[in-house]
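Residue numbers start from 1 in every chain, and the chains themselves are labelled A, B, ... in the order their sequence lines are given, proteins ahead of strands.
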Amino acid sequence: MNSPNPTSVAEAPRETPPRRGPIRLPRDRHAIVDSFFRFQSLFGLAAVFIIAIAVSPVRNGESVFLSSGNLANIVRAVSEIGIIAVGMTFVILIGGIDLSVGAVLGLAAVGSATLMVDSGMGILPTVLIVLLIGTAFGATQGAIVARLGIQSFIVTLAGLQAARGIARMWSGGLGIPIAYGDGPQEAPEAFSTLSGSINGVLPVPALLFLAIGVGALLVLRSTAFARHVYAIGGNEKAARLSGVPVRRVRITVFAISGLLAALAGIIHAGQLNQGSPNDGAGYELDAIAAVVIGGTSLAGGSGSMGGTIAGALLLGILNNILALNNIDANVQLVVKGLVIVAAAALQKLRPRIA
Amino acid sequence: MNSPNPTSVAEAPRETPPRRGPIRLPRDRHAIVDSFFRFQSLFGLAAVFIIAIAVSPVRNGESVFLSSGNLANIVRAVSEIGIIAVGMTFVILIGGIDLSVGAVLGLAAVGSATLMVDSGMGILPTVLIVLLIGTAFGATQGAIVARLGIQSFIVTLAGLQAARGIARMWSGGLGIPIAYGDGPQEAPEAFSTLSGSINGVLPVPALLFLAIGVGALLVLRSTAFARHVYAIGGNEKAARLSGVPVRRVRITVFAISGLLAALAGIIHAGQLNQGSPNDGAGYELDAIAAVVIGGTSLAGGSGSMGGTIAGALLLGILNNILALNNIDANVQLVVKGLVIVAAAALQKLRPRIA
Amino acid sequence: MTERPLVRMTGIGKRFGGVHACRDIDLTVRAGEVHALLGENGAGKSTLINILSGVITEYDGAIELEGQPVSFAGPSDAQRAGIATIHQELDLVGGLSIAENMFLGREPRTRMGTVDLRRMRRQATDHLRTLGADLEPRRLVGSLRVGEQQLVEIGRALSLNARVLIMDEPTAALADAEVERLFATIAELRRAGVGIVYISHRMAEIEVVADRVTVLRNGGIAGSVDPKTASRDDIIQLMVGRSVDALYGEGRNEPGDVLLDVRGLAVAPRRPTPGRTEPAGVDLTVRSGEIVGLAGLMGAGRTELLETLFGAGGSGRRAGQVTFDGRPYRPHGPRSALARGVAFVPEDRRGAGLMLEHSVADNVVLSALSTLTTLGLVRRQAVKRTVAGQLSALAVKAASPAVATATLSGGNQQKIVFAKQLLTRPRLLLLDEPTRGVDIGAKAEIYRLLHQLADTGMAILLASSELPELLSLCDRVVVLHRGHTVAALPRASATQQAILAAANGDDAKEAR
Amino acid sequence: VEDDPGSGSSDASAKCGSGKDFLIGMSQANNAEPYRQVMNDDVSNAAKSVPGFKVVVSDAAQDNSKQVADVENFLSQGINLLIISPNEAKPLTAVVKKAYDQGIPVIVLDRKVEGDAYTAFIGGDNVAIGKAAGEYYAKTLLPQGGNVVEISGLPGSTPAAERAQGFREGIASNPKIKIVASQTAEWLREKGQSVMDAMLKSTPDIDAVYAHNDPMAEGAYLAAKAAGKETAIKFTGIDALPVPSGGIKAVEQGRLQATFQYPTGGREAIDLAKKILVDCAKDVPKTTTLGTQQITKENAAEVYTTLGGKQ
Ligand SMILES: Nc1ncnc2c1ncn2[C@@H]1O[C@H](COP(=O)(O)OP(=O)(O)OP(=O)(O)O)[C@@H](O)[C@H]1O
Ligand SMILES: Nc1ncnc2c1ncn2[C@@H]1O[C@H](COP(=O)(O)OP(=O)(O)OP(=O)(O)O)[C@@H](O)[C@H]1O
Ligand SMILES: [Mg+2]
Ligand SMILES: [Mg+2]
């Protein structure tokens, strides 16, 4: 006899593929189910994409949404959030969170502008110093989390404030405009490549985002480091007893997040020709949203980089299609909320462990 | 040879059943350590309080910080965050998070103003309707979390956007001023009590905060509901196997959070004589910070309401003392960041379960 | 026999994807009897009782309770119908007190609607006392050791005053004294007419406690026997499908040089943690090729000693001398212990051993990753081969190496922890209750394996609460009492009585 | 401005003329500030009276990058004219230039962009407004001198800096006026209240509060009222929005002594857009600086009506 109680369905133990970890050893029918759900993070993206095509305004008989210029704009618009989200994925996989990324972006933007314009440095030293600052900032936060055992939420919330304060002090509170040229107080022309495109089609920031995303995806698939990351998020105690260098991994992960936030800050400065201490406010929430929509669990231990990339693109498409349809800004907020939940629900089609 | 090892006292030898006498845990030793650490959430608060006294400016030979008016102001200033944080504590205890509270506050502030001023309602119906809206909003989020199994971060992030959008649409994007009187377009005079004080000393919002805080503290200490909350956060599977109504508790917890956010919104409107749709922006992070500084784990299952109240007061004192000393706003940010981490580190003095 | 059974399950079947966990099982439980369920790891015992206790709600077949067909929507439904369950895995809330855990979901109320803490604590104390456990009901469950948690689980089930009591390996974490008390309690319940389903891998217990035995194999019923008449071999034959002889190996090689030498090891914790017994004067040696047992009562500090030797113990000041392979040994953490060739299988497999939601393969290779990587990159093929080899060496029953570890049966999960540590090719293997929940056939495999490993020169230090296991497996048995070594008995003089006497501290003076 | 592509040669002007439909993109830096919300409303309302005008408003939520994307999205849609109130000058210069170079007329409101790749700029002068406020303090409010506390806008924002600077110029003529404390309340009413709470304690003998906007002035007023000092201290704000929650009403109702209008330029922008799109005007003024108005109890009600405030 089957007991057809509807409410208990979700709670019954089910056939359960493992959480998305690095290994996949397909063999029997599990493999089919698994590879189907491997792409679950793409469900929401695909759905939003199809809807976007359907509702796109048409201009001169062409879909505005699908025009190559528009698609490039979408990827460029999410590239900073996307790069931050890549770093955030590592942090969330170990069960942490990094709220400081938006402020670190602002700090890095100010740093780039100040070093090039005020200190007259070249591009390479500027980029290196700024990336170093971001990495050091992240690593410091990681060390506090790992050594003192304080929750990363609180450490990085404090880090957010601190980075914002430092950026404002450094810049005197004002955005520092970047003028290009060879004179004093001018940045090397080459820096403006960041706001350009390859072949006039693919924006440089978009290219960087995709390159970093794919790189991180490979790292997460095939390195021992990635397995340590998953292990810490899965069961920290077991990881420690298995010889995983928990502290070191933790610090590294926060350092990566800081590094990528700083990179996003450099791109930000290059795109906007300015480094302002208030840049990147609230980006942390967008980045976390991209990660979580991509199917990574905030509890740590399960998730994928492909999901994060998909999540970031989904958010970008959503913003774009709402704007293209001239939805009232306030209505946009409501619709965005609903679509995000719907997208997350779609990712959930995957069966869960009871 | 009998060991004089103090730790082994607690582990009196297990004897074979017939010889077994009632071996009690030595109450005394445990009790001292326990009651010491029960108040661990107060360490940070006490430290900040002492520092505040030490660095307070002095006027007419009196510490400005310690003046009763100033202390009252501190509590008033944190009362809204505090009330939100009380609801947030429940949410975090079950391992969730509620990012929508700030926006719900704004929605409730707009609701209060609109209903009283534009619709000419009395205080009681207004308050009831607004509280109902907040509760329903929270419960809906809770239902989505509980039914669809989507992470609360994403649901309430969407909720944040939705609530903000609704509030802006409702108010036309502008603050709605509340004038008092009996005429049309005027709110009942009694509503302004919210900005007043009891005996000219204790501000009404502060009183409400403390009352709600103590009430929630008692609820958390002595109800079955509270046990269910802790159980869900600690080990959801165990809770379910024990027959805890997991879904219902979850929905209730989010409803409480929405209810208290709405209450804070009413107070907000009463204090500022205005309901603006942009009110409460970023309050969620402050409230979460208060909860976490108070020692509640974001992983759920452990924490206390006393800690949350202490955490909210700590943040209030910090803001106050920095302002009293006319610290530069940017330096304030950095100092606040550092103090928050230090406070959290202090709370950590408590021994942890391995 | 004419009496209507309390529970009648007919034609029960359950599939998990490709795995047929139960097929066409009929089971009855009568009032006042203890019906034992036996079977290898993964035979379907837990699945069957999960169906009866309402945890699994989708299955084939029918359940009758006192003649009435029932269908539970969830565990609380089954509880209300009078079915109490002690689940195999400890499912308690660490952040709540003992009393709160025991009454979770059905807290007694005062007239004001608040929880009646006093009544709750009193009743909790009472129930625990019948089990011989004097635990302060206000203590947090998270601070209890595994055996104590097991007692809390049992106490909780007893407090339900159920008509049917299901016990899934209730004694897996208990020492002999507690087991005896539990059996006394079971006898009382039986007299009171409670129907009991009892699952265990300890054959000796079955002989003492069971009225009837049903053996499961591969999800189906392999047969039913009367424990009074059937021999142990018959039952094992039913379970495994062959006879398992030489459960404990004989004829050991001569041990080699001293590998681990511990003298006067003591740890003074910086902050005392209630419930932990840190080493307070431990002397022992382990030679390569030697299997040394650690005996002691619950709370004697065996686990803490092993943790300390692995660098995973509590922090604090250390006294004494430890040398490993002739050089001073003081691991900063598990990592440095592993680097020196010391591996550890913890007692709490779910809390400390496994990433339950990750795949079996991920778990198996975690400790030995460095041997499977080139330039930081994991060699997939090597991982695949290694995992497959390890799983077959330990006869792990899993649908595939890619399934989540949580879906494995309890005993098979234990084997995964084992497999993971063996992969590091240690010189010294520290084992804490390594065969907990492992079926008799697999136990034999593990013992054989341990002997093989010892023969290759590996040193093994093994803590176990099963005295027969220690007696027949070990070359020497070291007995701990309150963190001290009180005896070191060579195989020849190690008897059950001698060990128990030392463990109780009776001859502490002589031994020192 | 001869070869001005925005109002000249291409697309837009080819299309200009009456009886046609025009899509106007209004890119707003941030809808959360009342001033900007009123600017949006002014633009939308003014556009309603021009047949064929359709305005779409985007909200960049204070994010330069988002505002760049907003403008890009407008361009994808093919707007006929862009009105933009930039979040910051430099970051939006490039995208504004891009629009302008595509032949789309661009009207910049409130904050400038760099260079001159736009059709027209309309805005107030914050230094002048600050100065007007300062002079009002020097001559009218505190002729005998006194202690002033300043509650400033978001640190780093240009209006905050300019309103501070102008005010100092304005009070220079009266050396007896002292600025005894200055704290930021980030433009927010509730922050104005809590900052004032603290200043009331830390700073003795406050005579007046100079707030960089009306909401902060109102917040400060509430704090003083709670301390029973609302009559002893005088409050002034800036913005004077003609809405019920704005400063004009606060002056009318006696909470603020004065406020200084910071015009939104919304209606002026649509007037200009009409000239460009409907009247095909070739020559429009590149820069229009809007004056301020001092609002005190005497003229408050009247100004409120003339500015079209709803009751
Ligand atoms: N949730 C699940 N998803 C997939 N397979 C499962 C699940 N639960 C159990 N199984 C499989 O069903 C089979 C029976 O498992 P069960 O836990 O009933 O064994 P058991 O007899 O209790 O073993 P043990 O003695 O080791 O506890 C095993 O092969 C197991 O892997
Ligand atoms: N208060 C506590 N906090 C953290 N862990 C604890 C605490 N109490 C006990 N434990 C853990 O419980 C386990 C068992 O404890 P212990 O070593 O005292 O028992 P034992 O001598 O090994 O006997 P047995 O294994 O029979 O329980 C260990 O893993 C220990 O770390
Ligand atoms: Mg089992
Ligand atoms: Mg042990």
- prompt: For the side chain of Asn213(D) and the backbone of Ile238(D), is there at least one donor-acceptor N/O pair under 3.5 Å apart?
  reply: no
query: Do Asn320(B) side-chain atoms and Gly316(B) backbone N/O form a donor-acceptor pair below 3.5 Å?
result: no
- request: Quick one: which of Arg76(B), Glu80(B), Arg164(B) has the most heavy-atom pairs under 4.5 Å with chain D, could you say?
  value: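 Option with the top pair count is Arg76(B).
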message: Let's test your reading of the structure: which of Ala77(B), Pro57(B), Gly69(B) forms the most heavy-atom pairs below 4.5 Å with chain D?
response: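 Answer, by heavy-atom pair count under 4.5 Å with chain D: Gly69(B).
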Which atoms of [X] approach chain B - backbone, side chain, both or neither, heavy atom under 4.5 Å:
{"X": "Pro204(D)", "value": "both"}
{"X": "Val195(D)", "value": "neither"}
{"X": "Asp59(D)", "value": "side chain"}
{"X": "Asp41(D)", "value": "side chain"}

query: What distance separates Leu338(B) CG from Leu333(B) CG, expressed to the nearest 0.5 Å?
result: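 Spacing of CG (Leu338(B)) from CG (Leu333(B)) equals 11.0 Å.
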message: Using 0.5 Å steps for rounding, measure from the CG atom of Leu160(B) to the CG atom of Leu107(B).
response: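 Going from CG on Leu160(B) over to CG on Leu107(B), the span is 11.5 Å.
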With a 4.5 angstrom heavy-atom cut-off, which part of [X] approaches chain D: side chain, backbone, both or neither?
{"X": "Ile178(B)", "answer": "neither"}
{"X": "Ser67(B)", "answer": "side chain"}
{"X": "Asn60(B)", "answer": "neither"}

- prompt: Is the NZ or CZ atom of Lys201(D) positioned over Phe65(B)'s six-membered ring, under 6.0 angstrom from the centre and within 45° of the axis?
  reply: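 The answer is no, since Lys201(D) fails at least one limit relative to Phe65(B).
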task: Could you point out which residue of Gln183(D), Arg163(D), His212(D) forms a side chain to side chain donor-acceptor pair (under 3.5 Å) with Glu150(D)?
output: His212(D)
field: For chain B, the option from Leu188(D), Thr203(D), Leu241(D) that forms the most heavy-atom pairs under 4.5 Å
entry: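 Between Leu188(D), Thr203(D), Leu241(D), the count favours Thr203(D).
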task: Count the heavy-atom pairs under 4.5 Å between each of Gln37(D), Arg189(D), Glu33(D) and chain B, then report the option with the highest count.
output: Arg189(D)
query: So which heavy atom on Ser63(B) is nearest to which on Ser56(B), and how close?
result: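 Scanning both residues completely, I find the closest heavy atoms to be OG-OG, 3.2 Å.
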Minimal non-hydrogen separation, Pro263(D) against Leu290(D), with atom names: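 Result for this residue pair: CG-CB, 3.3 Å.
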